[in-house]
2 protein chains.
Amino acid sequence: MAPIRDMLSDTGITEQQWRVLRVLSEHGPLDTTTLADRASLLHPSLTRIATTMRGKGLITQTRDKVDRRRQFIAITPDGQKIIDDNADQSARIVADFRRILGEDDFETLLDLLGRLDPGAQD
Amino acid sequence: MAPIRDMLSDTGITEQQWRVLRVLSEHGPLDTTTLADRASLLHPSLTRIATTMRGKGLITQTRDKVDRRRQFIAITPDGQKIIDDNADQSARIVADFRRILGEDDFETLLDLLGRLDPGAQD
DNA sequence: TGCTTTCCCTTAACATGTTAATGATTGCTA
DNA sequence: TAGCAATCATTAACATGTTAAGGGAAAGCA
């Protein structure tokens, strides 16, 4: 994760906050349980992270009108801007991994890791 | 790491404390810089962890007579007991990984990961 | 309807990761 | 030898991981 962290150190957000933004950017607004799952966060962590990010204006949090236990979290334009500004560099990092290993070995790695942790398939 | 954490939840120590004990058990007393490196911990983390573990009587910490900036940390009998009590189960977890993937694929995985992070060779 | 259960989420408490600043020694050098 | 740089380690501040407990709302049922 070191290259990712280097990238993020310039943006003022953390690795976990980056994951939250990416998931929201890809899937649109999500309830907190789904968001925590897709961002690989435990719910207590997400609660805190969401509070921080709401404070920074990166996300909005709204309560479900029907089921008032539920909440939905959505990305704001400011949050989306962080994703956009770093999209190139982010893609480059993955491309680097692929280049270092070569296409075949890269796929092999994903396969082997997947076999060790069947629950983590994306 | 999930299987390791399950194992440790019974012992009252954390994953990082486990790594510290293992390194000390394998290499004998070490200075804190070397210990932090081998246990994959940053120095500030090691400082705190060492304080905790000293409180539990798992390690001892002594200052170098010659260079009084330096410290040496050693495992105590109580600490070694934790290693011994869990050695079987620990070996079994690695063996499980090897079994799931098969010998060849297991070696391949170690190789691929090593190529992505050349600094982390053991 | 009233009660219990279940669900969704938050709080709390403790341990660690991470970066920057600070201490404490030692070593070098003018 | 006084002063400064380098080294080893700790402290501080903030963010997250992890487990357990709590709080509010909905659902099921007598």
CZ of A:F72 to CG of A:L30, rounded to nearest 0.5 Å, is 8.5 Å
Atom CG of B:D31 and atom P of D:dT7 are separated, to the nearest Å, by 15 Å
Here the distance between atom P of D:dT18 and atom CD1 of B:I13, to the nearest Å, is 16 Å
Minimal heavy-atom distance between B:A50 and B:I59, with the atoms involved, is O-CD1, 3.6 Å
Exercise for the section: Verify the contact: side-chain N or O of A:S45 to OP1 or OP2 of D:dG17, cut-off strictly under 4.0 Å; return yes or no. Expected result: yes
Exercise. Are the side chain of A:D31 and the backbone of A:T34 linked by a donor-acceptor contact shorter than 3.5 Å?
Worked result: yes
Here the distance between atom C1' of C:dT11 and atom CG of A:L46, to the nearest Å, is 14 Å
Exercise. Would one find a side-chain N or O of A:T32 under 4.0 angstrom from OP1 or OP2 of C:dC9?
Worked result: yes
Between A:D96 and the options A:R99, A:R98, A:R92, the salt bridge (Lys or Arg N to Asp or Glu O under 4.0 Å) test singles out A:R99
B:I73 atom CD1 is separated from D:dT10 atom C1', nearest whole Å, by 12 Å
- Query: Which part of the nucleic acid, if any, lies within contact of A:L41, taking any heavy atom under 4.0 Å across all strands shown: a base, the sugar-phosphate backbone alone, or nothing?
  - Reply: sugar-phosphate
**Message:** Are A:L101 and B:L113 connected into the same hydrophobic cluster when the rule is that any two of I, L, V, M, F, W, Y join if their side-chain heavy atoms are below 4.5 Å apart?
**Reply:** yes
When rounded to whole Å, the CZ to C1' distance for the pair B:R54 and C:dA15 reads 17 Å
Contact check, residues 60-71 of chain B vs DNA chain D, heavy-atom distance under 4.0 Å, returns B:Q61, B:R69, B:R70, B:Q71
From CG of B:L8 across to P of C:dT16 the rounded distance in Å is 12 Å
Taking C:dT16, C:dC9, C:dT19 as options, the one with an atom nearest any side-chain atom of B:L42 is C:dT19
Would you say a side-chain N or O of A:T52 is under 4.0 Å from OP1 or OP2 of D:dA15? no
Q | A:R68/A:D64 salt bridge by N-O under 4.0 Å criterion | A | no
Between CH2 of A:W18 and C1' of D:dT16 the distance, given in whole Å, is 19 Å
Note: for B:T34 and A:R48 on DNA chain D, the residue whose nearest nucleotide lies more 5' is B:T34
Picking from D:dT16, C:dA15, D:dT10, the nucleotide nearest the side-chain atoms of B:T14 would be C:dA15
**Report entry** Under-4.0 Å side-chain N/O to phosphate OP1/OP2 contact, B:Q16 with C:dG17
**Finding:** yes
CD of B:Q71 to OG1 of B:T32, rounded to nearest 0.5 Å, is 6.5 Å
Of A:S9 and B:I49, the one whose closest nucleotide on DNA chain C sits nearer the 5' end is B:I49
Among the nucleotides C:dT18, D:dG17, C:dC9, whichever has the atom closest to the side chain of A:H43 is C:dC9
